[in-house]
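Here's the structure, in structure tokens; my notes come after.
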Amino acid sequence: MSDADAPKDFIRQIVADDLEGGRHQRIITRFPPEPNGFLHVGHAKAICLNFGIAAETGGQCHLRFDDTNPVKEEEEYARAIEEDVRWLGFDWGEHLYHASDYFDTLYAWAEHLVENGNAYVDEQSPDLIREQRGSLTEAGQESPHRDRPTAESLDLFRRMKAGEFADGAMVLRARIDMASPNLNLRDPVIYRILHQAHPRTGDRWCIYPMYDFAHGQSDAIECITHSLCTLEFENHRPLYDWLVEHLPVPARPRQIEFSRLNLSFTVTSKRKLLRLVEQGLVDGWSDPRLPTLSGMRRRGYPPEAIRDFCHKVGVTKYEGVTEVALLEATVRDTLNPVTPRRLAVLRPLKLVITNYPEGHSETVEAPNHPGDAEMGTRQIAFGREVYIEASDFMQDPPKKYFRLAPGAEVRLRYAYNVTCDEVVRDTAGEVIELRCSYDPESKGGGGRKVKGIIHWVSAAAAVDAEVRLYDHLFNRPDPEQGGDYLDHLNPDSLEIVQAKVEASLADEDPLQRFQFERSGYFRRDPQQPERLVYNRVVALRDGWAKIQAKAKT
RNA sequence: UACCGGAUGGUGUAAUUGGCAGCACAGCAGGUUUUGGUCCUGCUAGUCGGGGUUCAAGUCCCUGUCCGGUAGCCA
């Protein structure tokens with residue numbers, strides 16, 4: 001239910017015009033995945049478009065599995081797809097369908113085509129048929145069987161269905177125009193023989209309709225008003241329309257194409273994702289680095305952020321590449337106002353407060369959200385020994401480094417100011433401990449104002465946690481360019497660190513997301529609930545990193 | 001080189017259908033701030049080229065250029 005005055009994309013404009021002009025009283029769309037892989041962010045765009053239009057216009061959107069090729073499809077994928085669509089926030093109600101639900105009708109319509117001289121059986125080899133199709137610049141040649149008697153084609157087609165012939169022995173072809181400049185119209189194959197059990201229809205069929213002979217008809221059967229698909233089907237529209245015109249269908253759906261979503265630093269192609277999964281380069285389809293819906297779910301992306309992102313990306317026919325930064329910004333914008341804050345040290349460095357009474361401890365109060373007092377406060381344990389972020393100390397700090405350095409003073413957020421008196425190193429010269437003195441008067445914000453404020457956890461009270469830091473899966477924005485995309489995998493896309501976190505975190509709802517202050521948004525990994533493992537959903541914007549990067553150049 | 005489609009700042013998009021080229025992300029500068037976060041302010045930057053119609057063109061006409069898709073018994 002978006003604002004009626006908001007600018008509409010070209011598809012919503014068409015839909016609005018059709019409603020206004022009385023062409024349709026009620027809009028029916030559909031999301032038609034093939035159950036041969038997992039859904040990714042590109043599908044999210046299609047889902048948001050189809051379900052979104054239905055919701056905005058008070059219509060309905062069907063979930064329909066395009067399951068016409070049993071060689072490639074699996075029930076497992078279908079279940080995953082249903083889960084993903086639901087998680088994204090959409091509901092198809094009772095409108096769950098399968099192209100395979102229509103196999104009987106489709107078959108009858110194929111016979112209808114034969115009977116009207118609009119289809120024929122061709123027993124030429126696939127190679128020969130391909131040769132005769134011609135080329136992009138040359139017309140095709142007609143099959144010698146093109147003008148065979150209707151009765152003969154009908155007989156052959158029925159025997160195909162009866163299982164008398166082997167796979168590939170013959171096909172049913174629509175009889176259209178071998179000279180058409182659109183190759184899809186050069187007598188396309190519409191039924192092929194596949195002696196393969198189907199996940200839903202079992203062994204009932206050994207012939208299966210091709211996409212072109214199933215999709216538009218399924219749309220028509222379901223009285224889909226607007227059949228929205230991606231640009232690669234543009235050349236199929238004339239065939240889509242031809243079939244709808246030559247068949248006794250109950251409705252005339254209109255196909256409209258839009259450009260698919262491309263994202264920088266990743267790939268959105270089922271085939272390419274499948275390769276990553278099959279070669280074990282990632283942890284399955286739900287690896288948090290993947291742009292799959294299951295991956296983004298595991299990583300902790302809120303579904304509303306993905307919906308918002310799809311909205312921001314818009315709908316056009318221009319094939320561009322959206323910067324992944326937009327997705328990340330959207331996730332931050334979604335999370336920032338509602339996510340409680342906690343302290344967590346990703347790469348711990350021990351800091352000992354030498355003038356803090358031995359054996360003593362206390363608590364400090366911290367707001368759960370500095371911008372939202374209603375989220376309340378909590379008490380955090382503080383003591384003589386704390387951990388701070390290793391990157392919050394530098395022996396020889398550059399200009400404008402506000403954090404700890406020998407002799408420097410910083411505030412331990414929500415606690416005290418400390419000054420670094422001494423740096424302890426191991427035999428290898430690595431900094432292993434900082435010895436500092438604190439200002440007892442500075443608790444909670446008293447004392448000197450300092451530029452540097454760093455986070456910390458009590459060494460005595462903190463608990464250990466594994467934290468997984470994710471970076472882009474590929475190290476270039478256009479991994480598909482320049483050879484094999486697998487050559488551009490980012491070796492640092494996953495970094496695992498042993499962190500120290502506020503003790504209370506262990507008792508929180510495992511699905512709750514937190515902002516670890518100054519670091520990013522995190523949530524526990526739902527795939528290993530028995531351990532304390534956090535996934536970084538997205539990092540905070542890092543102004544210091546930018547200053548450093550600039551200093552380098 | 002056939003047919004189809006596309007082209008607005010770095011990126012994604014908008015422009016009441018012929019009337020001041022706007023928004024968001026990114027970038028830059030500054031302000032606020034117990035997160036180098038958030039928030040706020042400002043700035044940088046665009047109609048693919050050439051003609052034409054018009055008082056007025058991103059939008060209409062002509063022409064050119066560049067980019068994408070299509071030759072599965074995949075979807």
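A, B, ... follow the sequence lines: proteins, then strands. Residue 1 opens every chain.
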What's the gap between [N] and [M] when it is taken at their [atom1] atoms, as a whole Å value?
N: B/rC28; M: B/rG10; atom1: P; result: 16 Å
N: B/rC39; M: B/rG49; atom1: C1'; result: 44 Å
N: B/rU8; M: B/rU13; atom1: P; result: 9 Å
N: B/rG64; M: B/rA71; atom1: C1'; result: 29 Å
N: B/rC3; M: B/rU44; atom1: P; result: 45 Å
N: B/rA15; M: B/rA24; atom1: C1'; result: 15 Å
N: B/rA21; M: B/rA14; atom1: C1'; result: 9 Å
N: B/rA56; M: B/rG68; atom1: P; result: 38 Å

Exercise. Measure from the side-chain N and O atoms of A/E389 to the backbone N and O of A/L346, and report whether any donor-acceptor pair falls under 3.5 Å.
Key: yes
Does B/rU38 have OP1 or OP2 under 4.0 Å away from a side-chain N or O of A/R541? yes
Item checked: A/T322 side chain near B/rU11 phosphate (N/O to OP1/OP2, under 4.0 Å) -> no
Would you please indicate yes or no on a ring centroid separation below 6.0 angstrom for A/F522 and A/Y534? no
Sorted by position of nearest nucleotide on RNA chain B, 5' first, the leading residue of A/A545 and A/L136 is A/L136
Note: for A/R403 and A/A325 on RNA chain B, the residue whose nearest nucleotide lies more 5' is A/A325
Taken to the nearest whole Å, CG/A/N368 to P/B/rU35 is 16 Å
